[in-house]
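Input: a single structure, listed below in structure tokens.
Throughout, a chain's letter reflects where its sequence line sits, starting with A, and its residues are numbered from 1.
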Amino acid sequence: MKVLITSALPYVNNIPHLGNLIGSVLSADAFARYQRLRGNEVLFVLGTDEYGTTTEVKAREEGLTPRELVDKYFVIHKRIYDWFNTSYDCLGRSTSEANKKIVQDIFSKIYKNGYFIEGEVEQLYSEKSNMFLSDRFVEGECPICHKAGARGDQCDACGNLLDQKDLINPISKFDGTVPILKKTKHLYINLPKLEKELTNWISSVDSNWSFLAKNITSQWLKQGLKERAITRDLKWGIPVPLEGYENKVFYSWFDAPIAYIGITAECIGEKYKDWWLNKDVTLYQFMGKDNVPFHSIMFPSYLIATKEPYVLVNGLDSTAYINYENDKFSKSKEKGVFGNDAIETGISSDTWRYYLYRVRPEDDDTEFLWGDFEAKVNNELVNNFGNFINRVVSLNQKFFNGIKQKSNGELIEKVKPLLDDYFKLMDKSRERDALLKANEISSIGNKYLQDTAPWTLAKTDLIGAGTIIANCIDLFKLLSLVYSPFIPDASKKISESISFNLSDGFLNVFDGIKTGTEIKPIGILFQKLEHKQVEEFKQKFSGIKK
RNA sequence: AGUGGGGUAGGGCAGCUUGGAGUGCCCGUCGGGCUCAUAACCCGAAGGUCGGAGGUUCAAAUCCUCUCCCCACUACCA
């Protein structure tokens with residue numbers, strides 16, 4: 001089976017934080033790793049979303065051109081994804097030539113099929129900067145409560161939603177000048193015209209979607225679809241190949257989803273068609289809840305409107321948000337752990353990954369809490385799992401010089417039903433629950449050891465003790481596999497110690513390790529977190545004090 | 001204001017779709033066992049009127065209505 005997996009493209013004008021990481025990139029990664037272990041042909045596409053107003057603004061702030069800015073952040077992002085062991089097959093960028101070509105091609109097909117309409121609007125325009133101002137970049141007096149400092153979209157003082165045209169005495173936040181109203185025309189995708197086809201398709205697949213993805217999408221449909229602009233008056237973007245639109249670019253939510261295809265083309269050339277125009281491909285997409293409508297409604301609409309046989313998403317998986325110590329992650333307030341921070345703590349990427357999957361916000365928002373991080377890592381990862389591996393290896397070393405004895409399979413029998421549960425959960429990308437299932441398996445291992453006490457039995461029945469220890473070693477293969485999507489480094493170490501090739505996957509997971517195999521010492525798999533150190537980190541990343 | 005999500009033992013959660021004795025997970029507390037292991041592992045106990053009110057039902061944490069709190073998002077801002 002061909003499984004195509006995408007992670008939402010991170011926006012490259014900032015450093016991603018832990019919530020961004022687990023929300024899409026790491027969620028997709030665990031799923032991709034799992035699918036490979038199940039013997040499927042996998043293409044995991046990751047990339048960066050580089051267009052958009054925010055990039056232009058941020059570039060100005062940093063005194064760079066947009067190009068320089070995205071180049072700078074691309075490197076930062078790549079380093080973080082690599083450090084977190086993201087197993088992407090393709091890592092590309094929405095600004096690539098390949099993407100430009102595909103975006104313009106898809107645009108032309110939609111245009112030819114008559115799914116765009118043109119509309120004219122009045123918008124605030126800065127003559128000095130020669131640009132239209134998006135809502136967030138104008139401020140003025142609120143027309144309702146008359147307090148100063150209301151933004152173009154909303155007044156923070158009274159909470160009312162505003163239209164930027166109604167602001168009294170508007171000022172451009174860019175250059176401090178007074179903007180004028182100017183007419184501009186845009187292209188809108190005609191979603192009402194696509195609605196029927198879209199809803200039919202959605203109802204045929206959304207049983208595979210996550211709880212949040214389903215809810216958010218049905219909410220949108222309930223409210224009825226409206227035309228949405230897909231062009232912008234910006235310079236930083238993909239040019240619109242149409243007469244009269246020479247000074248406009250595509251809205252980044254037009255080109256960003258198409259960049260999944262563009263990045264694939266950037267990565268494997270014309271073979272991208274084997275993945276995106278092939279009915280035998282199953283597509284899974286991972287994203288945060290804010291991105292759902294763009295993947296469940298917008299992107300499929302674009303593809304349907306081309307009338308080409310593009311692959312549409314089958315499994316749409318959306319996570320909620322992870323908060324930080326009962327608050328939001330905030331770059332500006334320096335609150336929370338960001339990708340680069342995680343690297344610098346000296347805590348292993350497996351440890352970070354473990355906790356992030358462990359608190360993955362599958363249905364609702366969850367919390368990153370340092371105290372909880374310490375407790376879960378130390379109790380579950382170190383004391384339960386790491387310790388089980390360690391005590392078995394030690395026992396086998398002590399009594400049998402590391403040589404595996406003959407097993408009888410009784411322990412494997414106990415855990416067989418759990419693997420079925422694990423498969424069911426992973427197939428639905430319930431990664432947090434699947435990880436708990438893996439913990440249950442090592443927990444059963446610990447209990448088995450305790451109940452059979454081979455260290456005592458060895459005094460009277462060495463062969464019996466050998467069987468028990470060998471039974472535990474047989475479990476290593478299963479454990480290395482079920483943990484592999486989450487903590488790949490540790491899994492690799494375990495598989496190496498029993499000379500098992502992880503890439504063989506789950507195929508013969510219950511076949512024991514050959515009697516007489518030398519079980520190589522692994523050492524300490526996971527370092528415990530020190531309470532004092534955790535407290536220091538908690539302090540360090542608590543943000544700017546007011 | 002609208003929309004979405006949440007309120008389950010001292011803390012953090014799962015269970016709710018497809019009602020069946022408050023079941024479970026990670027901790028915390030108390031007691032016991034074990035000594036292979038990173039003072040790790042195993043067993044047991046105490047602790048909850050499942051936010052509140054009403055309804056459906058033989059039966060409600062679970063379904064319905066109302067109500068009170070908490071959080072997030074709100075679309076030219078990705």
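For A:V392 and A:A375, each mapped to the nucleotide of RNA chain B holding its nearest heavy atom, the one lying further toward the 5' end belongs to A:A375. If A:Y11 and A:K398 are placed on RNA chain B by their nearest nucleotide, the residue sitting closer to the 5' end is A:K398.
Using atom P as the reference point in both B:rG51 and B:rG2, the two lie 24 Å apart (nearest Å). Across the P atoms, B:rC42 and B:rC27 are found 9 Å apart, a figure rounded to whole Å. Straight-line distance between the C1' atoms of B:rC68 and B:rG52: roughly 7 Å, to the nearest whole Å. Spacing between B:rU74 and B:rG10 at atom P, rounded to whole Å, works out to 36 Å. For the C1' atom pair drawn from B:rU18 and B:rA60, the interatomic distance equals 14 Å after rounding to whole Å. Distance noted for atom P between B:rC13 and B:rG6: 13 Å (whole Å). Distance check on atom P: B:rG22 versus B:rA9 gives 15 Å, rounded to whole Å. Across B:rU35 and B:rA40, the matching C1' atoms stand 10 Å from one another, rounded to whole Å.
The pairing partner recorded for B:rU3 is B:rA72, the criterion being a Watson-Crick or G-U wobble arrangement whose two distances lie under 3.5 angstrom. Of all nucleotides present, only B:rC27 satisfies the Watson-Crick or G-U wobble test against B:rG10, with each distance under 3.5 Å. Using N1 to N3 plus N6-O4 or O6-N4 for Watson-Crick, or N1-O2 and O6-N3 for G-U wobble, each under 3.5 Å, B:rC16 pairs with nothing. Of all nucleotides present, none satisfies the Watson-Crick or G-U wobble test against B:rA21 with each distance under 3.5 Å. Base pairing annotation: B:rC41 forms a Watson-Crick or G-U wobble pair with B:rG33, both donor-acceptor distances under 3.5 Å. In this structure, B:rC63 and B:rG55 make a Watson-Crick or G-U wobble pair, each of the two defining distances being under 3.5 angstrom.
Salt bridge absent: A:D421 and A:R430 never bring a charged side-chain N and a carboxylate O closer than 4.0 Å. Classification of A:K493 and A:D350 as a salt-bridged pair fails, no side-chain N sitting under 4.0 Å from a carboxylate O. Here A:K437 pairs with A:E440 in a salt bridge; the nearest charged N to carboxylate O distance falls below 4.0 Å.
Side-chain contact check for A:N99 and A:D255: no donor-acceptor pair (N or O, by modelled atom type) lies under 3.5 Å. Inspection of the A:T217 and A:S296 side chains reveals an N or O donor paired with an N or O acceptor under 3.5 Å. For the residue pair A:N471/A:Y448, the side-chain donor-acceptor check at 3.5 Å is satisfied. Looking only at atom types and distance, the side chain of A:Y245 has a donor-acceptor partner in the side chain of A:E118 under 3.5 Å away. Between the side chains of A:Y324 and A:W370, a donor-acceptor pair is found at a separation under 3.5 Å.
Using a 4.5 Å heavy-atom cutoff, the side chains of A:L9 and A:T48 are not in contact. Inter-residue side-chain proximity for A:T319 and A:R360 is flagged as met; some heavy-atom pair is nearer than 4.5 Å.
In this structure, the CZ atom of A:R430 is 12 Å from the C1' atom of B:rU17, given to the nearest Å. Computed from coordinates, the A:L425 CG to B:rG15 P distance equals 11 Å when rounded to whole Å. We find that CD of A:E227 is positioned 14 Å from P of B:rC76, with the value rounded to whole Å. Taking atom CD1 of A:I322 as the reference point, atom P of B:rC13 lies 11 Å away to the nearest angstrom. We find that CZ of A:F373 is positioned 18 Å from C1' of B:rC13, with the value rounded to whole Å. Rounding to whole angstrom units, CZ of residue A:R358 and P of B:rC25 are separated by 12 Å. Taking atom NZ of residue A:K376 and atom C1' of nucleotide B:rG11, one finds them 10 Å apart after rounding to whole Å. A:E440 places its CD atom 8 Å from the P atom of B:rC25, with the value rounded to the nearest Å.
Using a 4.0 Å heavy-atom criterion, one finds that A:N291 contacts the bases of the nucleic acid, with or without backbone contacts as well. When heavy atoms are screened at a 4.0 angstrom cut-off, A:R228 is found touching base atoms of the nucleic acid.
Counting atom types as modelled, A:E380 pairs no side-chain N or O with a base atom of B:rC26 as donor and acceptor under 3.5 Å.
Within residues 251-262 of chain A, the residues that have a heavy atom under 4.0 Å from RNA chain B are, in order of number, A:Y251, A:S252, A:W253.
Across B:rC27, B:rC13, B:rU35, the shortest atom-to-atom separation from the side chain of A:W455 is found for B:rU35.
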From CA spacing to verdict: ring-ring contact (aromatic ring centres under 6.0 Å, His included), A:F132, A:H186: CA-CA 13 Å; A:F132 284 94; A:H186 285 293; 7.4 Å; no
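None of A:F116, A:Y251, A:F254 except one satisfies the ring pair (Phe, Tyr, Trp, His ring centres under 6.0 Å) rule with A:Y302; the exception is A:F254.
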Sugar-phosphate or base contact per nucleotide [nucleotides 38-47 of chain B; S, B, -; heavy atom under 4.0 Å]: B-SBSS----
